[in-house]
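Here is the structure we will look at.
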Protein chains: 2
Amino acid sequence: MNFDPMIPIWLQVATSIKQQIVTGRLPPGAKLPGGRDLALQYGINPNTAARIYQELEREGVCQTQRGLGTFVTDSGETVQRLREEMARGAVSRFLADLKGIGMNREDAIELIRKEDNTDDHQ
Amino acid sequence: MNFDPMIPIWLQVATSIKQQIVTGRLPPGAKLPGGRDLALQYGINPNTAARIYQELEREGVCQTQRGLGTFVTDSGETVQRLREEMARGAVSRFLADLKGIGMNREDAIELIRKEDNTDDHQ
DNA sequence: CATAGTGTACTATGCACATAGTGCACTAAG
DNA sequence: CTTAGTGCACTATGTGCATAGTACACTATG
């Protein structure tokens, strides 16, 4: 994974995991890697990994059981809600960005239509 | 201005100024507030304000003259290029966000169409 | 009970960000 | 020349992020 130095690593990894959850690549109830393994996989520090799971639990996406590990929530409804929430967040960030440079929703749709499609089909 | 604690203040203010430039509220050649004034206006430290102007100059958006102040670039072409660059950035961030949660360009347009329009007309 | 895997807690270091404060140099205007 | 406004340089402090390393507690398994 390529980290953006402008964004905290724990946030980037947490987002990556949430994306895997809402796309079903990590189904409800799935066991996540242990903190030390997660650190190895992403090339980060175990302390940072622990913090990531704490954040995911705080958001209700995962549950942690001492001595057992961290697991994706069992509630498919929670996962669906998370997906919609992430979509809404992306849309409102996008529209706010465009509004800041004097563009509206129509302009937004036009921009997306004209956007280069390289690597958009995967 | 309301600062997001997750994003460096200098970045947020620099973005705000660039938005004012590309929307014409700060026309080419306009004089920007002095570093100390900028700090007062945004409620930040003069050191941070100085850094913001350094960043804007690094991006070619502003020019600084010692003893005189900092000014918006004279080149309307540069301003137009900046606006397009900011728009492209917003679009690609948005599409990357949606792709991360398993949505494509068609979904994006649909989401924007259905988006709540409260305070979208200004 | 012994072990491996796990979460949790703690100290310490380096870095960037933001703050506070001071001083100096340059420019234009009186 | 003096003054006000300005950019610029420097030291110092506090905070959050990320790292490194160590130690302890819980759980399941054999």
> What integer distance in Å separates B:F3:CZ from C:dA18:P?
Replying inline: 9 Å
> Considering only side-chain heavy atoms of B:N45, which listed nucleotide, C:dG7, C:dA20, D:dT27, is closest?
Replying inline: C:dA20
> If you pin B:Y53 and A:R51 to their nearest nucleotides in DNA chain D, which one's is more 5'?
Replying inline: B:Y53
> A:Y53 pairs by side chain to side chain contact (heavy atoms under 4.5 Å, CB included) with which of A:V13, A:L38, A:V61?
Replying inline: A:L38
> Taking CG from A:L38 and C1' from C:dG7, how many angstroms apart are they, rounded to a whole number?
Replying inline: 13 Å
> Whole Å only: how far is the CZ atom of A:R36 from the P atom of D:dC26?
Replying inline: 15 Å
> Whole Å only: how far is the CD1 atom of A:I44 from the P atom of D:dA20?
Replying inline: 11 Å
> Hey, does the side-chain of A:R66 have a donor or acceptor N/O within less than 3.5 Å of a partner on the base of C:dG5?
Replying inline: no
>> Applying the Watson-Crick and G-U wobble criteria at under 3.5 Å, what pairs with D:dG30? Answer none if nothing qualifies.
In response: C:dC1
>> Between B:K31 and A:L11, which residue's closest nucleotide on DNA chain D lies nearer the 5′ terminus?
In response: B:K31
> Which one, C:dG7, D:dG7, C:dT19, comes nearest to the side chain of A:T70?
Replying inline: C:dG7
> Can you check the B:Q65 CD to D:dT6 P distance for me, whole Å?
Replying inline: 14 Å
>> Give me the atom names and distance for the closest heavy-atom approach of A:Q12 to A:F3.
In response: OE1-CA, 3.4 Å
> Which listed nucleotide (C:dT8, C:dC17, D:dA9) is nearest to the side chain of B:N47?
Replying inline: D:dA9
> Counting just side-chain N and O atoms, does B:T48 come under 4.0 Å of either OP1 or OP2 of C:dC17?
Replying inline: no
>> Rounded to whole Å, how long is the line connecting atom CD of B:Q12 with atom P of C:dA16?
In response: 20 Å
>> Could you report the tightest heavy-atom contact between B:L98 and A:A87, atom names first, then the distance?
In response: CD2-CA, 4.4 Å
> Where the side chain of B:D37 is concerned, which of D:dT19, D:dT6, C:dT6 is the nearest nucleotide?
Replying inline: D:dT6
> If you find the nucleotide of DNA chain C closest to A:L32 and the one closest to A:M6, which residue's nucleotide is nearer the 5' end?
Replying inline: A:L32
>> Please give me the minimum heavy-atom distance between A:E115 and B:R105, naming the atom from each residue.
In response: O-NH1, 4.4 Å
> Between D:dA20 atom P and A:L40 atom CG, what is the distance in whole Å?
Replying inline: 11 Å
> Starting at CD1 of B:I7 and ending at P of C:dA18, how long is that distance when rounded to a whole Å?
Replying inline: 11 Å
> A:T64 has a side chain; which of C:dG7, C:dC17, C:dT27 sits nearest to it?
Replying inline: C:dG7
> Closest approach of A:I112 and B:A108, non-hydrogen atoms and distance?
Replying inline: CD1-CB, 4.2 Å
